[in-house]
Amino acid sequence: MRSVDVALGERSYSITIGPGVANSLRACLQVSPSASPVVVLADQTVANLHLAALTASLPPNSAVLPFAPGETAKSLTMVEHLCERLAALHAGRQTVILAFGGGVAGDLAGFVAAVYLRGVRFIQVPTTLLAAVDAAVGGKTGVNLAAGKNLVGAFYQPLAVVIDTDFLKTLSKRDCAAGLAESVKHAAVRDPALLTWHADHADAILARDSDNFTELIARNCAIKADVVARDERETGLRAILNHGHTIAHALEHLLNYELRHGECVALGMQVENELSCTRGWLPRPDAERIQSLLQRFDLPTHLPRRLAPADIWTACQMDKKNRGAAVNFVLLRGLADPVRVADVTAAEVERALEIIQPP
Ligand SMILES: NC(=O)c1ccc[n+]([C@@H]2O[C@H](COP(=O)([O-])OP(=O)(O)OC[C@H]3O[C@@H](n4cnc5c(N)ncnc54)[C@H](O)[C@@H]3O)[C@@H](O)[C@H]2O)c1
Ligand SMILES: [Zn+2]
């Protein structure tokens, strides 16, 4: 079992990681003198697989509100529906919401927790690798609009993050790979030693060896916790975690969420690294190291079909960090040397995009 702290003053919390740690939830829930009512907002697929194991660790007065899996659940319609259901359950201020599922469940349930009764407490119980290494930590919650990803949301920190690696065993290979994309991103912007570790332990990671998985998640949580503690609301440093994401969000939107978020991040990193190499910043061998790691983890290197570069550029302009301003990118001057730039031109991007267009 590993533990990582997120140091945010009175909003500090712990991340607990390891096999079977869901049974520590009861202790987490001793947050008020009387046992708090718990409502689990659960991805239906995850509920079918793991709800029995989870509820064994919860007080008897717990309720479950399942929702259909997939990125489309991150909508204001779903927020309204879940809030109505909470009201029908007479969920009050003492209620603790548990987000049970991947990044979609965390973003959605976290946002519901932020707005229901102007905020009730919540705990993240991530069940995808992507959510465990990234989405469940740091307090970004939100939903999508037709106009783009995550355009409505709130910074709202959980009470705790409980990552039971036993839940991750049922994850598809594809979703496991999607999580590894964010892990490679963390390594590229913050921790080159983690790049090496990925390569050295690739077989064990892909086999989901319990010790290696726990180590992988703990290292990622430590990176994210450190960045978030220094810049909770993304006024500066935290933006480095958007490396690969300007392109990724555009692709997710244009492909109507046909690819996983992590898959789009892998494609986005490849395009953005190409931009960095062309500018003479990132040495080619470093870009190639990242590229070969993404390939080793079976992440896509090409789009499923050709997309018009002009459409990708237009979609980049819709990203919320760019609204009303130039398009922002987090490029690399080298490994662990990210830089935010706003002067990338449409022509530069269109050229770099060629590397991910289908042959
Ligand atoms: N808040 C943040 O800081 C942050 C960071 C990164 C990504 N995100 C968001 O996270 C979302 C992507 O998260 P995701 O990749 O986890 O997607 P997801 O939540 O849709 O999960 C992917 C799939 O895995 C299934 N699944 C989940 N757990 C499972 C398990 N244990 N066994 C079997 N199947 C399981 C789900 O039903 C779903 O079909 C995106 O919306 C992205 O914007 C948020
Ligand atoms: Zn991401």
Side-chain angles (χ1 to χ4, degrees), residues 6 22 41-51 53-54 66-75 78 99-111 114 124-144 148-158 161 163-186 189 208 213 220-221 224-225 227-228 232-234 238-249 251-253 257 259-269 299 319-320 330:
V6 187
L41 302 196
D43 175 309
Q44 181 72 67
T45 302
V46 178
N48 295 344
L49 291 164
H50 300 296
L51 192 62
L54 181 79
F67 58 84
E71 185 72 29
T72 45
K74 275 177 58 174
S75 71
M78 184 62 82
F100 193 42
V104 164
D107 282 11
L108 171 66
F111 186 63
Q124 291 274 18
V125 186
T127 63
T128 63
L129 185 61
L130 184 134
V133 300
D134 189 351
V137 176
K140 276 195 187 176
T141 72
V143 296
N144 305 324
K149 279 276 292 184
N150 301 334
L151 292 182
V152 173
F155 286 98
Y156 195 65
Q157 300 294 345
V161 182
I163 307 175
D164 191 327
T165 49
D166 286 343
F167 293 147
L168 274 62
K169 286 185 180 152
T170 52
L171 208 55
S172 67
K173 273 187 168 172
R174 184 177 177 187
D175 283 304
C176 185
L180 290 169
E182 298 278 17
S183 182
V184 172
K185 175 201 75 179
H186 282 149
V189 297
R208 293 174 226 193
F213 236 48
N220 275 280
C221 287
K224 181 116 189 225
V227 171
V228 168
E232 183 184 6
R233 296 181 74 92
E234 199 174 304
R238 186 168 179 172
I240 66 171
L241 302 178
N242 297 327
H243 173 55
H245 280 61
T246 304
I247 295 292
H249 286 162
L251 299 180
E252 284 186 270
H253 180 63
Y257 304 108
L259 291 187
R260 297 281 197 260
H261 174 75
E263 293 171 336
C264 291
V265 171
L267 290 166
M269 277 193 282
L299 284 155
D319 201 30
K320 66 180 173 307
V330 177

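From a predicted model like this one, the values you see are computed outputs, not experimental measurements. Below, each value reflects all heavy atoms present in this structure, side chains not excepted, and no hydrogens, waters or symmetry copies. Both ligands and their constituent atoms are indexed starting at 1 by order of listing.
Although no hydrogens or angles enter the test, the distance criterion places a donor-acceptor pair under 3.5 Å between the side chain of R238 and the main chain of E232. Counting only distance, with no hydrogens or angles, the side chain of R208 and the backbone of L171 share a donor-acceptor pair below 3.5 Å. With H50 contributing its side chain and F167 its backbone, the two residues share a donor-acceptor pair below 3.5 Å. Without hydrogens or angle criteria, K224 side chain to V137 main chain gives a donor-acceptor distance under 3.5 Å.
Taking atom 16 (O) of ligand 1 as the reference point, the nearest protein heavy-atom neighbour is T128 OG1, 2.6 Å. Nearest protein neighbour of atom 26 (N) of ligand 1, counting heavy atoms only, is V46 CG2, 3.9 Å. The protein heavy-atom contact nearest to atom 30 (C) of ligand 1 is T170 OG1, 3.5 Å.
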Inset, instruction - Just do the side chain to side chain contact (heavy atoms under 4.5 Å, CB included) check on H249 and H261 with the steps written out, would you? - result: CA-CA 8 Å; H249 286 162; H261 174 75; 3.8 Å; yes

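Put simply, part of K224 is less than 4.0 Å from ligand 1, judged by heavy atoms. Assignment of K149 to the shell around ligand 1 is supported, since a heavy atom sits closer than 4.0 Å. Residue contact annotation: E252 has no non-hydrogen atom under 4.0 Å from ligand 1.
E182 lies close to the Zn ion (ligand 2), since one of its N, O or S atoms is found at a distance under 2.8 Å.
For V137, no heavy-atom contact with ligand 1 is shorter than 4.0 Å.
Within H261, the N/O/S atom positioned nearest the Zn ion (ligand 2) carries the name NE2.
Checked by atom type, the side-chain pair N242/E234 shows a donor-acceptor distance below 3.5 Å.
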